[in-house]
Amino acid sequence: MSTPSNPGPHPAPHAMTIDVPADACDAHCHIFGPTSLFPYAPDRTFTPPEAPLADLQKLHHLLGFHRAVLVQSAAHGADHASLVAALEEGAGRYRGVALIRPDTSAAEVARLHDAGVRGARLHFTPHLGPAPTPGAIEAITDLVRPYGWHIALHVAGNGLAEHEDFIRSLPLPVVIDHMGVSMRQGLDSPAVTVLRRLLDTGRVWVKLSGADRLATVPPDMSDSAALARLLAWSAPERVVWGTDFPPPQHPRLRPRRR
């Protein structure tokens, strides 16, 4: 697992053609390394190219973002040293989403909260390892509930349809990462229907990010863009946007300069 599994982000991205509102927030981005200071987890399932905080800050300066939500990557596992260092450097401009485990101590959760973490991410994607058990989810929820964190769910395919009851049962706000569905069945799929139904509860948000993850024939992303438009139209107050910088595991699609 020592060789990077994709070529990394585009080395020369271009600025957007729209003006970003003041205090706009990149709601989903990652930092990787530098591994000389923040090694990857030995049990990781993938090895991303290094993309330290300085690289993310360069992109945000180009795009006009001042604030961001930094999501702990599975490549770093339960060691949140790089995340905490970035939150400290952000001096209040950043918030974090952590990978909490059932055996995480209450003291560690308190430390992460003080650093600026406000969410716990649960993976339901096989490439990142086994999904958490109901008992693990309950333990994690109990750990973070006193701080009012949200639960970030990383699901794909038909996962939302399979887990709708569980998602509705969570006692905390829920954020669905990367639109959370597959486009293979189109906009009328059961997963898209469930996603729109969950947004209607008023307790669930969705990130309009990771369009490359959903597109059926990349680099054409017209199908995933259509889903983003549908979600923004149906529940504009329940959608947020993120760069997903840097794309961690998608060698099939390298962003191109336009």
Side-chain angles (χ1 to χ4, degrees), residues 1 25 27-48 50-53 56 67-155 159 163 166-178 203-205 207 242 248-249:
M1 298 304 299
C25 180
H28 191 103
C29 50
H30 305 279
I31 49 176
F32 295 115
T35 54
S36 59
L37 296 175
F38 308 113
Y40 292 144
D43 60 349
R44 66 191 181 278
T45 59
F46 70 103
T47 299
E50 292 192 13
L53 179 62
L56 179 63
R67 301 164 58 234
V69 177
L70 308 178
V71 179
Q72 174 80 354
S73 169
H76 280 290
D79 183 351
H80 293 88
S82 62
L83 175 63
V84 170
L87 293 173
E88 290 175 351
E89 186 167 336
R93 296 186 296 113
Y94 302 148
R95 289 290 181 258
V97 175
L99 294 180
I100 302 299
R101 296 177 176 176
D103 59 354
T104 302
S105 69
E108 173 67 359
V109 175
R111 183 183 77 92
L112 292 173
H113 182 80
D114 289 343
V117 172
R118 295 296 183 269
R121 196 184 200 200
L122 303 178
H123 292 128
F124 291 85
T125 48
H127 67 278
L128 293 178
T133 65
I137 294 168
E138 182 178 3
I140 292 167
T141 302
D142 288 344
L143 280 167
V144 307
R145 180 162 29 185
Y147 300 96
W149 290 8
H150 70 272
I151 299 296
L153 296 181
H154 188 189
V155 298
H163 299 300
F166 147 68
I167 295 170
R168 287 177 176 272
S169 73
L170 287 170
L172 292 168
V174 174
V175 179
I176 307 295
D177 288 348
H178 309 316
R203 299 178 53 254
V204 178
W205 285 255
K207 292 178 183 176
Q249 300 189 76

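The heavy-atom pair separating Leu87 from Gly116 by the smallest distance is CD1-C, 4.1 Å. Taking each heavy atom of Leu143 and Ser105 in turn, the nearest pair found is CD2-C, 4.4 Å. The minimum heavy-atom distance linking Ala41 with Ala74 is given by the pair CB-O, 4.5 Å. Across all non-hydrogen atoms, the minimal contact from Gly33 to Ser82 is O-CB, 4.5 Å.
Counting only residues at least two apart or in different chains, ring-ring contact (aromatic ring centres under 6.0 Å, His included) contacts with residues 70-93 comprise Tyr40-His76. Sorted pairs that involve residues 67-95 and meet salt bridge (charged side-chain N to carboxylate O under 4.0 Å, His left out), not counting sequence neighbours, are lacking altogether. Within the structure, the side-chain hydrogen bond (donor to acceptor under 3.5 Å, both in side chains) test picks out the following pairs touching residues 128-142 (sequence neighbours left out): Asp142-Arg145. Each salt bridge (charged side-chain N to carboxylate O under 4.0 Å, His left out) pair with one or both residues in residues 99-111, not counting sequence neighbours, appears once here: Glu108-Arg111.
Once rounded to the nearest 0.5 Å, the distance linking SG of Cys29 with OH of Tyr94 reads 8.0 Å. Here OG1 of Thr104 is found 8.0 Å from CG of Leu112. Values are rounded to the nearest 0.5 Å. Annotation: the span from Phe32 atom CZ to Leu56 atom CG amounts to 10.5 Å, rounded to 0.5 Å. To the nearest 0.5 Å, atoms CG (Leu53) and CZ (Phe38) are separated by 9.0 Å.
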Let's go through His123 and Asp177 carefully: what are the C-alpha distance in whole Å and the side-chain angles of both, what is the deciding distance for side-chain contact (heavy atoms from CB on, under 4.5 Å) to 0.1 Å, and is it a yes or a no?
CA-CA 10 Å; His123 292 128; Asp177 288 348; over 6 Å; no
Applying side-chain contact (heavy atoms from CB on, under 4.5 Å) to Ser73 and Phe46, what does each step give before you reach the verdict?
CA-CA 10 Å; Ser73 169; Phe46 70 103; 3.7 Å; yes
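When side chains are defined from C-beta on, Val97 does not count as touching Leu70, because their heavy atoms never get closer than 4.5 Å. Counting heavy atoms from C-beta on, the side chains of Val174 and Ile176 come closer than 4.5 Å.
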Give every donor-acceptor pair under 3.5 Å between a side-chain atom in residues 146-153 and any protein atom, sequence neighbours left out.
| from | atom 1 | to | atom 2 | distance (Å) |
| --- | --- | --- | --- | --- |
| Trp149 | NE1 | His113 | ND1 | 2.9 |
| Trp149 | NE1 | Val117 | O | 3.2 |
| His150 | ND1 | Arg118 | O | 3.1 |

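Checking side-chain atoms of Gln72 against main-chain N and O of Gly77 turns up a donor-acceptor pair under 3.5 Å.
For His178, the side chain to side chain contact (heavy atoms under 4.5 Å, CB included) partners at least two apart in sequence or on another chain are His28, Arg121, His154, Ser209, Arg213, Asp244.
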